[in-house]
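Report on the structure given below.
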Amino acid sequence: MNSFELSKIFGPIFVAIIFIMAMTDFSSSIYSQKAEKPGYVIEVTETASTDEEEGEQIDQAVFMVASADIASGEKVFKKCAACHTVEEGAGAKAGPNLWNILNRPIASISDYKYSGALSALSSENWTYENLSAFLTKPKDFAKGTSMGFAGVRKDEDRAAVIAYLRSLSSTPADLPAAAE
């Protein structure tokens, strides 16, 4: 094989390699991945979240109470019924009786021994907001509570449970202002 034939074979391969390398350099200069520096820097400091920001989920559930399905709330409540009674005058189980709970002072059932976390809140009432916050995550509402329930995450379910608990009273509490 003479050198002319080798040139005909390796010449186009060499040109193709050079062409590919040139196109790679050219395309990387067009589509550069280098981070550009901004013209000026804006310093942003993170702030701690406020109760109002954290309460958005709770407020949404409270807002939904007026239109919540009580039957759906009773269904969701079945997991609570293992520890709580809801009939008027019924005694406590592992948890206190929840008859007429709305607007009742927290930790106020005399025949039930509350955890220190809930007893510390006895100056407050079970408002729609407090009940929703407690149902969202009991251990966040009352740090140190002995209630082992993880909480009701979905706004719709929480609103339905609150609507069901509201119905468990001879004179149901007025609907929250946000829900009217």
Side-chain angles (χ1 to χ4, degrees), residues 1-84 94-95 115-118 120-121 124 126-166 175-180:
M1 191 179 269
N2 68 25
S3 65
F4 183 67
E5 286 185 31
L6 288 176
S7 297
K8 286 193 315 187
I9 294 172
F10 291 113
I13 294 172
F14 182 67
V15 170
I17 291 172
I18 291 175
F19 179 75
I20 291 171
M21 289 173 56
M23 292 310 291
T24 304
D25 287 343
F26 178 70
S27 64
S28 42
S29 67
I30 291 175
Y31 302 106
S32 175
Q33 296 294 325
K34 296 178 189 173
E36 294 183 20
K37 291 186 179 182
Y40 53 92
V41 177
I42 299 174
E43 295 292 329
V44 179
T45 57
E46 294 207 17
T47 59
S49 63
T50 64
D51 289 341
E52 185 177 302
E53 290 169 345
E54 291 174 358
E56 286 180 26
Q57 183 178 11
I58 295 165
D59 292 340
Q60 184 63 27
V62 169
F63 179 75
M64 296 166 64
V65 168
S67 61
D69 180 25
I70 293 173
S72 175
E74 184 176 10
K75 195 176 193 181
V76 174
F77 183 81
K78 287 187 184 205
K79 49 184 142 183
C80 307
C83 298
H84 294 279
S115 66
L118 280 174
L121 298 171
E124 297 183 40
W126 282 118
T127 62
Y128 286 98
E129 292 80 8
N130 283 343
L131 195 53
S132 184
F134 186 74
L135 289 173
T136 300
K137 194 167 184 185
K139 293 201 183 284
D140 281 354
F141 179 79
K143 295 190 184 344
T145 184
S146 58
M147 185 166 162
F149 183 63
V152 180
R153 298 284 179 220
K154 291 183 180 176
D155 290 335
E156 300 83 26
D157 290 347
R158 202 165 50 256
V161 168
I162 294 170
Y164 172 65
L165 290 173
R166 177 184 176 267
L175 288 169
E180 294 177 340

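Everything quoted here is computed from the prediction, not taken from an experiment. Just so you know, residue 1 is the first one in the sequence shown, and it goes up from there.
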Distance col, row Leu6:CG vs Ile9:CD1, nearest 0.5 angstrom, shows 6.0 Å

Would Ile18 and Met21 count as a side-chain contact (heavy atoms from CB on, under 4.5 Å) here? Give the steps.
CA-CA 5 Å; Ile18 291 175; Met21 289 173 56; 5.6 Å; no

If every non-hydrogen atom of Arg153 is compared with every non-hydrogen atom of Lys137, which pair is closest and at what distance?
NH2-CD, 3.5 Å

Taking the six-membered ring for Trp, are Tyr164 and Phe77 parallel (under 30°), tilted (30 to 60°) or perpendicular (over 60°)?
tilted

CG (Asp155) and CD1 (Ile162) are apart, to the nearest 0.5 Å, by 9.5 Å

Side-chain heavy atoms of Leu121 within contact of Phe141, under 4.5 Å
yes

Return the minimal non-hydrogen interatomic distance between Ala66 and Leu175, and the atom names on each side.
CB-CD1, 3.8 Å

Shortest non-hydrogen separation from Ala163 to Ala68 and the atoms involved
CB-CB, 3.8 Å

Lys79 side chain to Phe149 main-chain N or O, any donor-acceptor pair under 3.5 Å?
no

Rounding to 0.5 Å, atoms NZ (Lys8) and CD1 (Ile13) come to a distance of 14.0 Å

Working to the nearest 0.5 angstrom, can you tell me the gap between Met64 CE and Asp157 CG?
9.0 Å

All heavy atoms of Asn2 vs all of Glu5, minimum pair found to be OD1-N, 2.9 Å

Cys83 SG to Met147 CE distance, which is reported to the nearest 0.5 Å
7.5 Å

Least distance between heavy atoms, Gly144 atom then Ala117 atom:
C-CB, 3.6 Å

Mind listing the closest non-hydrogen atom pair of Ala142 and Leu118 along with its distance?
CB-CD2, 3.9 Å

Is it true that the side chains of Thr136 and Arg158 contain a donor and an acceptor less than 3.5 Å apart?
yes

What's the separation between atom OG1 in Thr145 and atom NZ in Lys143, rounded to the nearest 0.5 Å?
11.5 Å

Using only atom types and a distance under 3.5 Å, with no angle test, would you say the side chain of Ser132 pairs donor to acceptor with the backbone of Tyr128?
no

